[in-house]
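Shown next, in structure tokens, is the structure this report addresses.
Below, read A as the first sequence line, B as the second, and so on, with proteins coming before strands; counting in each chain starts at 1.
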4 protein chains.
Amino acid sequence: MTTETTPRLRADARRNRDRIITAAQAVFTERGTEVPMEEVARTAGVGVGTLYRRFPDRDSLIRAVAHDAFDTVLQDTRATIEQEPDAWRALSQIMHRGMALRTVVRLTVLSTRARSIINSDPNTEAVNNEFLLLVDGLVRRAQADGALRDDISTGDIAVLSSLALQGVQSLPEELRNLAPARYIAVLLDGLRAQNSRPLPGRPITAQEVVVRTPERED
Amino acid sequence: MTTETTPRLRADARRNRDRIITAAQAVFTERGTEVPMEEVARTAGVGVGTLYRRFPDRDSLIRAVAHDAFDTVLQDTRATIEQEPDAWRALSQIMHRGMALRTVVRLTVLSTRARSIINSDPNTEAVNNEFLLLVDGLVRRAQADGALRDDISTGDIAVLSSLALQGVQSLPEELRNLAPARYIAVLLDGLRAQNSRPLPGRPITAQEVVVRTPERED
Amino acid sequence: MTTETTPRLRADARRNRDRIITAAQAVFTERGTEVPMEEVARTAGVGVGTLYRRFPDRDSLIRAVAHDAFDTVLQDTRATIEQEPDAWRALSQIMHRGMALRTVVRLTVLSTRARSIINSDPNTEAVNNEFLLLVDGLVRRAQADGALRDDISTGDIAVLSSLALQGVQSLPEELRNLAPARYIAVLLDGLRAQNSRPLPGRPITAQEVVVRTPERED
Amino acid sequence: MTTETTPRLRADARRNRDRIITAAQAVFTERGTEVPMEEVARTAGVGVGTLYRRFPDRDSLIRAVAHDAFDTVLQDTRATIEQEPDAWRALSQIMHRGMALRTVVRLTVLSTRARSIINSDPNTEAVNNEFLLLVDGLVRRAQADGALRDDISTGDIAVLSSLALQGVQSLPEELRNLAPARYIAVLLDGLRAQNSRPLPGRPITAQEVVVRTPERED
DNA sequence: TATGAATGAGGTTTCATTCAT
DNA sequence: GATGAATGAAACCTCATTCAT
């Protein structure tokens with residue numbers, strides 16, 4: 001759980017807040033963002049009342065969960081870049097670090113609602129943009145190095161990774177954690193410069209993956 | 001719309017049935033399997049009553065939509081195999097023919113509920129199994145031809161294609177149809193025999209992607 | 001089925017009408033007057049359309065069933081009186097002739113709705129009144145004969161018989177037909193002049209059991 | 001309202017629960033077990049939500065009402081037996097104490113649904129069985145005393161009393177409360193040993209009036 | 001005329017959110 | 001501050017009735 005822009009909270013209140021976000025993250029990832037609020041509360045081990053005191057409505061909870069997840073990913077990405085000077089390898093690692101992203105993916109790829117909530121939250125958007133900026137740097141460097149194919153851009157990579165990481169509930173338990181790693185690996189093979197059968201369409205940039213469409217529920 | 005096991009319906013009833021399935025397919029794909037039934041009915045241009053007369057509950061509607069979609073995919077696959085003797089190319093085409101699969105993907109990848117409904121419908125399962133069998137044949141042939149990497153199996157390909165085809169709502173309209181084609185292409189590049197950085201884990205077979213987990217709601 | 005005030009009907013229409021009344025009688029007796037109209041139609045072996053062509057709404061069906069039943073009872077009563085000169089014995093027989101009354105009882109004792117429908121049907125009311133008049137004659141004669149206790153009147157007897165005849169669904173099949181006969185017999189024993197522990201309250205007359213309260217649903 | 005097997009409820013919740021049962025009892029007795037839940041809620045002065053929180057569906061409400069009513073009857077019966085050493089007189093009193101039984105009667109005699117619900121509730125069945133056991137004791141004693149006719153058994157008496165107590169909605173207000181007392185009295189006269197014209201059929205025992213028929217709606 | 005399909009009003013049930021304890 | 005009870009709006013589903021075939 002990362003430091004938030006929330007005032008100062010009493011220790012126990014703080015603890016409750018964290019338990020709720022953790023629970024919401026798990027429940028949202030598992031069963032979607034439409035689960036009954038009672039269920040989130042139960043999972044967090046608090047009463048609904050407490051949940052609502054902390055997050056006045058579902059949207060604000062989704063927002064908090066998203067912000068927290070994006071933030072974690074951002075930290076992670078920063079650390080990786082710092083430690084790995086090779087752009088391609090840094091990119092690979094980031095794409096593989098899956099789990100931290102799972103929640104974001106469920107939130108952004110699967111739920112129209114979550115998407116529009118997130119997109120209208122300047123707080124989260126800032127974090128997200130900074131993350132995309134970092135990846136964008138890696139992408140350009142990797143392409144300059146001749147490691148990454150040229151007909152691709154940051155947006156493509158963001159979408160592809162999220163898809164691969166999304167995971168597939170329908171696989172047997174044993175494979176559920178295995179699969180994402182395999183698919184990221186296949187993708188990486190497909191992304192290498194030397195494999196290039198030219199791609200159809202045109203590169204999707206970082207800017208293009210952030211939308212603000214205020215669409216309906218998912 | 002494919003011929004169903006339904007008794008015989010009066011012409012108008014038949015027409016309505018088809019309109020409902022078409023509408024449900026669109027709406028489910030667009031907004032998930034939990035949309036209000038009223039909305040499905042409205043989209044189909046019929047009253048709720050009619051919807052319920054034809055499909056006594058949501059599950060039975062999902063089942064019908066799934067069966068129909070699987071069936072379409074199966075026809076498609078058969079036709080492709082017949083016309084394209086080269087296994088790799090046939091596989092590529094099948095993976096690209098996207099749209100027909102979109103609904104199935106939304107249903108199976110995204111909705112726990114749909115999954116468990118489909119898995120308990122022998123009718124649909126049969127169709128699905130036949131489809132996987134055909135793909136399995138192609139996969140083996142393509143591997144024997146040295147076109148497809150060896151450390152992959154039919155299950156992987158099924159999952160990967162569905163992920164890539166799933167499409168991403170958050171992209172701007174213009175890109176929404178473009179993206180899947182690009183990602184399938186990247187994947188195919190990643191799947192070629194010559195690119196093989198060995199993959200982690202082990203191949204996921206056709207059998208493994210069919211589950212019967214009777215899980216909770218999505 | 002008795003002759004009705006309905007115009008002249010084609011033979012097959014007539015037949016349908018009768019089948020519907022018979023079916024409705026059975027179904028109403030078995031499951032109450034609120035059964036789905038479809039079920040009445042199905043039992044009668046006709047489509048709902050036909051049912052509605054004959055009886056434009058549920059009320060009119062209830063009315064027809066009630067009239068038919070009352071009428072049957074009336075015929076029966078007349079015949080009994082003609083053949084049995086002894087008032088007490090005639091009364092006993094009438095009270096025992098149960099089955100014909102079953103439907104009326106379900107309709108009048110159990111369903112507020114049926115009651116108010118029947119009570120606002122002059123046609124049926126006439127038949128009912130005539131029946132009560134006949135019974136009233138027997139009651140007075142039996143009392144004059146010293147066979148029937150004095151502190152009782154026709155209304156009491158009507159109510160008591162209907163209660164006893166009502167039958168009890170919850171009894172095992174074998175007893176279901178047995179029970180009414182027993183209870184009528186107990187009642188008759190209780191009604192004999194010689195047993196008289198004086199009754200509380202006052203006699204309930206024939207007039208009092210016909211109400212026109214337009215009450216709510218049952 | 002009697003003490004229930006419910007965990008422990010907050011004072012206000014407890015109060016609401018009781019109000020709901022009381023209201024349901026009244027409304028069920030008055031208009032049958034199929035009244036809109038909204039109406040039960042309105043009568044109890046709570047929102048539907050509250051009703052559903054306490055009783056997740058109609059069945060569970062019916063069950064609670066039935067249990068409560070049976071329990072009241074049981075208490076009553078125990079008290080009567082304790083205070084009245086003469087079996088016949090105790091039996092008479094029990095049969096007369098009507099009102100407490102009214103609800104049970106409506107529930108068991110009139111509604112197929114209620115019957116099957118009650119019969120599948122071990123909780124209620126236990127209470128009911130204990131009640132029948134007590135009555136059975138009285139019946140045997142009264143017969144040994146030569147006060148009660150011999151060709152009758154507990155089941156008959158249970159059924160007869162419920163019928164007589166059932167009351168008749170169609171009577172004018174003034175008579176509605178009067179009638180049951182009269183009919184119980186007639187019955188008692190019919191049940192006395194000295195009046196015995198032998199009854200048709202055979203005695204219906206206590207065991208026979210408890211059924212488990214899982215029948216359809218009423 | 002008979003049929004069974006279509007409609008929509010109304011009852012049922014769930015759950016987000018508010019509020020008393 | 002935390003809890004869980006109460007509320008009511010909104011979704012679900014059934015069925016009386018109408019109407020095309």
For R14(D) and D18(D): C-alpha separation, side-chain torsions, deciding distance, then whether salt bridge (charged side-chain N to carboxylate O under 4.0 Å, His left out) applies. CA-CA 6 Å; R14(D) 172 90 234 160; D18(D) 287 356; 3.2 Å; yes
Please round to the nearest 0.5 Å and tell me the distance separating atom [atom1] of [X] and atom [atom2] of [Y].
{"X": "T33(D)", "Y": "R58(D)", "atom1": "OG1", "atom2": "CZ", "result": "7.0 Å"}
{"X": "F70(C)", "Y": "N123(C)", "atom1": "CZ", "atom2": "CG", "result": "12.0 Å"}
{"X": "Q25(C)", "Y": "I20(C)", "atom1": "CD", "atom2": "CD1", "result": "13.5 Å"}

Side chains of [X] and [Y]: does their closest heavy-atom pair fall under 4.5 Å?
{"X": "M37(D)", "Y": "L51(D)", "value": "yes"}
{"X": "S60(B)", "Y": "D57(B)", "value": "yes"}
{"X": "I118(C)", "Y": "R63(C)", "value": "no"}
{"X": "I62(C)", "Y": "F55(C)", "value": "no"}

Interatomic distance, [X] [atom1] vs [N] [atom2] [rounded to whole Å]:
{"X": "F55(C)", "N": "dA2(E)", "atom1": "CZ", "atom2": "P", "answer": "12 Å"}
{"X": "R14(D)", "N": "dG4(F)", "atom1": "CZ", "atom2": "P", "answer": "18 Å"}
{"X": "R53(C)", "N": "dG4(E)", "atom1": "CZ", "atom2": "P", "answer": "15 Å"}
{"X": "E39(C)", "N": "dG4(E)", "atom1": "CD", "atom2": "C1'", "answer": "17 Å"}
{"X": "R42(B)", "N": "dC12(F)", "atom1": "CZ", "atom2": "P", "answer": "11 Å"}
{"X": "L61(B)", "N": "dC12(F)", "atom1": "CG", "atom2": "P", "answer": "12 Å"}

Once side-chain hydrogen bond (donor to acceptor under 3.5 Å, both in side chains) is applied, do any residues pair with T124(B), and if so which ones, sequence neighbours excluded?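 Listed in chain order: D121(B).
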Go along nucleotides 8-18 of chain E 5' to 3' and tag each nucleotide: B for a protein heavy atom under 4.0 Å from its base, S when only backbone or sugar atoms are that close, - otherwise. B---SBB-SBB
Any side-chain N or O of N16(B) less than 4.0 Å from the OP1 or OP2 oxygen of dA5(E)?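 The answer is no; no side-chain N or O of N16(B) sits under 4.0 Å from OP1 or OP2.
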Using a cut-off of less than 4.0 Å, is there contact between a side-chain N or O of R54(A) and OP1 or OP2 of dA2(F)?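 For dA2(F), OP1 or OP2 has a side-chain N or O of R54(A) closer than 4.0 Å.
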Quick one: the dot-bracket string of DNA chain E, using Watson-Crick and G-U wobble pairs with both distances under 3.5 Å, [ ] for crossing pairs and | for bases paired to another strand. .||||||||||||||||||||
